[in-house]
Chemist: 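If you scroll down you'll find the structure; I have some questions about it.
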2 protein chains.
Amino acid sequence: MAVTLKQICEEAGVSKATVSRVLNNHPLVSKETREKVQEVIQRLKFTPNALARNLSLRRTDTIGVLFPWIFNGFFSTLLRGVDSAASELNYHVITSLSHDAGDENAMASRLLKERRIDGLILMAPSLPADQIEELKSIDVPLVVLQREIADPEVNSVSVDNFDGGLKATAHLIERGCRRILAIAGPQGSLDSDRREAGYREALKQADIAFDPDLLIRSNFNKETAFTSFENFRRRFAMPDAIFCFNDEIALGMLKYLKTIGVRVPEDVALIGFDGIEFTEFAELSTLTMPMQEMGRQAVRLLIKQIECKEKRTAEQLLLKGAVVERNSTRRRS
Amino acid sequence: MAVTLKQICEEAGVSKATVSRVLNNHPLVSKETREKVQEVIQRLKFTPNALARNLSLRRTDTIGVLFPWIFNGFFSTLLRGVDSAASELNYHVITSLSHDAGDENAMASRLLKERRIDGLILMAPSLPADQIEELKSIDVPLVVLQREIADPEVNSVSVDNFDGGLKATAHLIERGCRRILAIAGPQGSLDSDRREAGYREALKQADIAFDPDLLIRSNFNKETAFTSFENFRRRFAMPDAIFCFNDEIALGMLKYLKTIGVRVPEDVALIGFDGIEFTEFAELSTLTMPMQEMGRQAVRLLIKQIECKEKRTAEQLLLKGAVVERNSTRRRS
DNA sequence: TCCTTGCTTGGAACCGGTTACACTAGCATA
DNA sequence: TATGCTAGTGTAACCGGTTCCAAGCAAGGA
């Protein structure tokens, strides 16, 4: 059995209250008592039981991070940001991957209602609004990550999709491309819509008319992107450039274009969105999101909520990404 | 304030003990009582407080997973395996990344001694033996991941490095390569040594004499690998194939060879080790380790230890990897 | 000298569950 | 009818801390 506070107080000849005060650096303890107690603590190698402490204090110093099963490339970088910020602020991190889509709520509310965590960071790009509503109702600190949220009562940290769409497109335009094919996400995806708005804005700023034929859709994965793209090819000439709304699509396209003999960047420039690590190896230009920073900010926002109880208005952070230029958009010489 | 067990028992007109029995499906409760209590639980939306429960039961249903900061490609896949196995067995997962090397112990023992976790999965490829010794002394269930351990008292799950080295080399030999350069890890790395042994065994089986000049060393990263390789090039002719002892080196080499005009696989075949995801995009052949399965097995081993208290002899699982053939070792036609 | 004040300290309740043990009632057995 | 057993339930201690409140005690002021 581990050493407990009781053993310490018996050994030191003081009460539990006093030992507890020493542990928490309470000022109202005389110097001699404090030193005596500390000596015993050292000698018996006492570490207070966090469970008991948490039960008393009604807090766990732990935050939950809920990720979707799929979110591959981001995952580690984001979690890294979360973990580093959390550990700096002396919090622990419970991770949980939702296995089935729709699982999120059950897992989240279980963690929350069982009081295992003080707050939750939720990364669920496809979580429907009503589920968020439900989570909100549990009334525990919550930060939604990587999902621009309309609801002003929900704290969120997200990449500025509009700004990103604009920058990526502008980058292609600067390289001399004018017929820029956008492979967007599904209808109704807020992320996709905002990126599209940025894309259009960049065109407008360059006095290029928006051509609806040059915007095709996917489900943010390569398979659906391929189908759309082949459809496009049958009807139209190859564009100057392709702006894929995420890196998975872009990486898939890169490979695919090679197989059909289209050279990147000589025949067509290609840019992705997200900045997953693989893009570096693939020499793919992309708009990188500051994932680690997003993780850090999410933690900060969450802990701010946890530590000051009075209801504060929610914050919605929008972090800006940046274009990383690699071979796939190198200027044709 | 959340609903507590006390409120349930008052509302249902029974004692705490009875409510607790209902919650835990204890058989000694009459049907009527059980139903009445359950109805109240439903109606008041009661969820028992895990902290209180844990304190009483002296267990947390939580395992810790400690990763090094660097272990990129593996990270998500491994964690995925851990998470899925843990959640199937009704355990939670606390993750922690050690930020500074050497941090591991402090973090691990803090989690363990504070009784926040019931056991620990430690992934620390570079953890010195004496630190493991120290962790062992805390005497809490522990599984070491991805590190062949000499100590028979420590449970571990690891890839079979010998088998992997053998298979990767044999794969190259089958493709007709005979001068096979191995870019190994540092001296004294158990992983590297075992892979090397496999490499040598494969050569021996093919009646190829081992040539010490064809074994160069790195620190398992591209920078040191480059230095060694350039050194090698100045003195010797290009080999038939290169077996890189991890994928990071292999991916770096792939890029590097391209810049110096050496074609893969036409001029030289290239194979990596580990099976990180990027290898797929890079068309790099590699020996993939079953990362997800390793995570799952580690959890299983750990929970087996947690749940049967009598000291059992430690198990050391060695999972075998498999060669995934991609373009970088495609047979020259 | 007596009372007030402030610093230390201890007693005991509390956080929200689990469970060993005691107790009661009902029924079968002797 | 007395006895033993069992099923169902309640009492109270316990897990290991935190903290409110009261009390002891010495110093300072009236």
Side-chain angles (χ1 to χ4, degrees), chain A residues 1-38 40-41 44-62 90 92 110-118 309, chain B residues 1-38 40-41 44-62 110-118 309:
Chain A
M1 209 58 247
V3 183
T4 69
L5 185 142
K6 199 172 170 192
Q7 292 170 45
I8 301 297
C9 71
E10 281 166 5
E11 181 78 17
V14 296
S15 72
K16 287 167 73 180
T18 302
V19 176
S20 176
R21 285 191 194 104
V22 171
L23 283 174
N24 296 294
N25 291 315
H26 191 102
L28 287 183
V29 183
S30 73
K31 201 171 171 189
E32 309 93 73
T33 312
R34 182 181 302 277
E35 280 166 1
K36 184 176 57 183
V37 172
Q38 270 165 346
V40 178
I41 289 176
L44 270 59
K45 294 195 178 37
F46 167 64
T47 310
N49 180 317
L51 257 41
R53 184 154 201 281
N54 293 339
L55 180 59
S56 264
L57 296 177
R58 275 183 227 78
R59 39 178 287 193
T60 59
D61 299 325
T62 304
N90 283 311
H92 298 275
R110 190 167 149 220
L111 282 169
L112 287 168
K113 292 178 73 184
E114 287 185 341
R115 307 271 150 198
R116 283 181 195 273
I117 57 178
D118 296 336
K309 49 248 112 240
Chain B
M1 210 60 246
V3 184
T4 70
L5 184 142
K6 200 172 169 192
Q7 293 170 44
I8 301 297
C9 71
E10 283 166 4
E11 182 77 16
V14 295
S15 72
K16 287 168 72 182
T18 302
V19 177
S20 176
R21 286 190 194 105
V22 171
L23 284 174
N24 296 294
N25 291 315
H26 191 101
L28 286 183
V29 183
S30 75
K31 202 171 172 190
E32 308 93 75
T33 311
R34 183 181 301 276
E35 280 166 2
K36 185 175 58 182
V37 172
Q38 269 165 347
V40 178
I41 289 176
L44 271 58
K45 293 193 175 43
F46 167 65
T47 311
N49 180 318
L51 258 42
R53 186 154 199 282
N54 293 340
L55 180 58
S56 263
L57 296 176
R58 276 183 225 78
R59 38 179 287 191
T60 59
D61 299 324
T62 303
R110 191 168 148 218
L111 282 169
L112 287 168
K113 292 179 71 183
E114 288 186 341
R115 307 271 150 196
R116 284 182 195 273
I117 57 179
D118 296 337
K309 48 247 112 243

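Keep in mind that this is a model prediction, so the values were computed, not measured. Here is how names work: the chains are called A, B, and so on, in the same order as the sequence lines, proteins then strands, and each is numbered from 1. Scope of the values below: all heavy atoms of this structure, side chains included, with no hydrogens, waters or symmetry mates.
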Chemist: May I have the distance from L5(A) (atom CG) to dC14(D) (atom C1'), rounded to whole angstrom?
Modeler: 15 Å
Chemist: Whole angstrom is fine here: how far is it from NE2 in H26(B) over to C1' in dA20(C)?
Modeler: 11 Å
Chemist: Please give, in whole Å, the distance from dG16(C) P to R59(A) CZ?
Modeler: 16 Å
Chemist: What pairs with T33(A) under side chain to side chain donor-acceptor pair (under 3.5 Å), at least two apart in sequence or on another chain?
Modeler: S30(A)
Chemist: List the residues meeting salt bridge (charged side-chain N to carboxylate O under 4.0 Å, His left out) with E114(B), not counting sequence neighbours, and say none if there are none.
Modeler: R110(B), R116(B)
Chemist: Whole angstroms only, please: what is the CD-P distance between E114(A) and dG17(C)?
Modeler: 11 Å
Chemist: Within this structure, what is the NZ-to-P distance between K6(B) and dT18(C), rounded to whole angstrom?
Modeler: 16 Å
Chemist: Take atom CZ of R58(A) and atom P of dG17(C), then tell me their distance rounded to the nearest Å.
Modeler: 12 Å
Chemist: Got a sec, which residues hit side chain to side chain donor-acceptor pair (under 3.5 Å) with T62(B), two or more places apart in sequence or on another chain?
Modeler: none
Chemist: Within the structure provided, determine whether V22(A) and Q38(A) are in side-chain contact (heavy-atom separation under 4.5 Å).
Modeler: yes
Chemist: Please name the pair of heavy atoms, one in L44(B) and one in V3(B), separated by the smallest distance, quoted to 0.1 Å.
Modeler: O-CG2, 3.3 Å
Chemist: In this structure, how many angstroms lie between the P atom of dC15(D) and the CZ atom of R115(B), rounded?
Modeler: 14 Å
Chemist: Please work out which residues in residues 49-57 of chain B have a non-hydrogen atom less than 4.0 Å from an atom of DNA chain D and list them by number.
Modeler: L55(B), S56(B)
Chemist: Apply side chain to side chain donor-acceptor pair (under 3.5 Å) to N54(B) and list each qualifying residue two or more places apart in sequence or on a separate chain.
Modeler: none
Chemist: Please report how far the helix from dT1(C)-dA30(D) to dA30(C)-dT1(D) bends, comparing the axis fitted to its first five pairs with the axis fitted to its last five, to the nearest 10 degrees.
Modeler: 70°
Chemist: How would you list, by chain and number, every residue that makes a salt bridge (charged side-chain N to carboxylate O under 4.0 Å, His left out) with R34(B), sequence neighbours excluded?
Modeler: none
Chemist: Can you name the residues that form a side chain to side chain donor-acceptor pair (under 3.5 Å) with N49(B), not counting sequence neighbours?
Modeler: none
Chemist: Quick one: which residue pairs count as a salt bridge (Lys or Arg N to Asp or Glu O under 4.0 Å) with a foot in residues 3-17 of chain A, not counting sequence neighbours?
Modeler: E11(A)-R43(A)
Chemist: For the residue pair V29(A) and R21(A), what are the closest heavy atoms and their distance?
Modeler: CG2-CB, 3.6 Å
Chemist: Applying side-chain contact (heavy atoms from CB on, under 4.5 Å), can you list everything that pairs with K113(B), at least two apart in sequence or on another chain?
Modeler: T47(A), S109(B), I138(B)
Chemist: Restricting to nitrogen or oxygen on both sides, can you table the protein-nucleotides 9-12 of chain C pairs closer than 3.5 Å?
Modeler:
from    : atom 1 : to     : atom 2 : distance (Å)
dT9(C)  : OP1    : S30(A) : OG     : 3.2
dT9(C)  : OP1    : T33(A) : OG1    : 2.4
dT9(C)  : OP2    : S30(A) : N      : 3.0
dT9(C)  : OP2    : S30(A) : OG     : 3.3
dT9(C)  : OP2    : T33(A) : OG1    : 3.1
dG10(C) : OP2    : S15(A) : N      : 3.0
dG10(C) : OP2    : S15(A) : OG     : 3.3
dG10(C) : OP2    : T18(A) : OG1    : 2.8
dG10(C) : O6     : R21(A) : NH2    : 2.7

